[in-house]
Amino acid sequence: MAAEEDVLAELKGLRLRVPQLTGALAASTDGLVLGSDVGDPECAAALAVVALGVCVRLTEATGLGRFQDVLVRGERGYVATYAVGPSAALALTAGVRVDVDRLHREARASCARLAKLVDGGCPRPEGVSGGARHRVPRPRPRRPWS
């Protein structure tokens, strides 16, 4: 795993490139906080990892291909969660005025850099979309939704 200082430096750079970000967190798929500037990082890490797992399974079950990211919009802003290599997640919070396209572009670039830090650039395991390892059983039958 990467040194916390390197992960924090990447999160800080991301916050500079997207000033509307209000929080950034990197966590292993086991829920270990790798770097954070959010108020309750352990809780945020656990929720980010759960969101990642659910979304990976949802995209697989619906036949939509590999999971890329999830964006949740609330009254006061957004939460975006991204897969970072085979063993981590990036979760970001942003205000309502964030440029969502820029958020995605910058976050995906950060994910690539974080994956190199966290996993040494390891490729994703076969059959694991978004790179997360999960203990959730594969849904059956595998039919796309209408």
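Side chains included, hydrogens not; waters and symmetry mates left out as well; all remaining heavy atoms used.
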[X]-[Y] co-clustered via ILVMFWY side chain contacts under 4.5 Å:
{"X": "Y82", "Y": "V98", "answer": "yes"}
{"X": "L25", "Y": "L21", "answer": "no"}
{"X": "L47", "Y": "L52", "answer": "no"}
{"X": "V72", "Y": "V96", "answer": "no"}
{"X": "V84", "Y": "L32", "answer": "yes"}

Heavy-atom closest pair, residues [X] and [Y]:
{"X": "S87", "Y": "V118", "result": "OG-CG1, 3.8 Å"}
{"X": "D99", "Y": "D101", "result": "OD1-N, 3.1 Å"}
{"X": "A80", "Y": "L103", "result": "CB-CD2, 4.2 Å"}
{"X": "V38", "Y": "A24", "result": "CG1-N, 3.8 Å"}
{"X": "A48", "Y": "T81", "result": "O-CG2, 3.8 Å"}
{"X": "A27", "Y": "L34", "result": "C-CD1, 3.8 Å"}

Going from [atom1] on [X] to [atom2] on [Y], what distance comes out if it is rounded to the nearest 0.5 angstrom?
{"X": "R57", "Y": "F67", "atom1": "CZ", "atom2": "CZ", "result": "12.5 Å"}
{"X": "R102", "Y": "R17", "atom1": "CZ", "atom2": "CZ", "result": "9.0 Å"}
{"X": "E10", "Y": "K116", "atom1": "CD", "atom2": "NZ", "result": "11.0 Å"}
{"X": "C111", "Y": "H104", "atom1": "SG", "atom2": "NE2", "result": "11.0 Å"}
{"X": "L64", "Y": "C55", "atom1": "CG", "atom2": "SG", "result": "11.5 Å"}

* Asked: Below 4.0 angstrom, N of the basic side chain to O of the carboxylate: do E106 and R113 qualify?
  -> no
* Heavy-atom check, side chain of D6 versus side chain of L114, under 4.5 Å ->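 No, every pair of side-chain atoms sits at 4.5 Å or beyond.
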* For R108, what residues pass the side chain to side chain donor-acceptor pair (under 3.5 Å) criterion, not counting sequence neighbours? -> D69
* By side chain to side chain donor-acceptor pair (under 3.5 Å), which residues pair with D37, not counting sequence neighbours? ->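 Listed in chain order: R15.
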* **Audit row: S36, E42, side-chain contact (heavy atoms from CB on, under 4.5 Å) steps and yes/no** => CA-CA 9 Å; S36 171; E42 288 78 20; over 6 Å; no
* Tell me yes or no: between the side chains of T22 and T93, is some donor less than 3.5 Å from an acceptor? => yes
* **CA sep, side-chain torsions, deciding dist, call: L58, V70, side-chain contact (heavy atoms from CB on, under 4.5 Å)** => CA-CA 11 Å; L58 182 60; V70 61; over 6 Å; no
* Determine, step by step, whether L71 and V100 satisfy the side-chain contact (heavy atoms from CB on, under 4.5 Å) criterion, reporting the C-alpha distance in whole Å, the side-chain angles of both residues, the deciding distance to 0.1 Å, and the verdict. => CA-CA 9 Å; L71 181 69; V100 174; 3.6 Å; yes
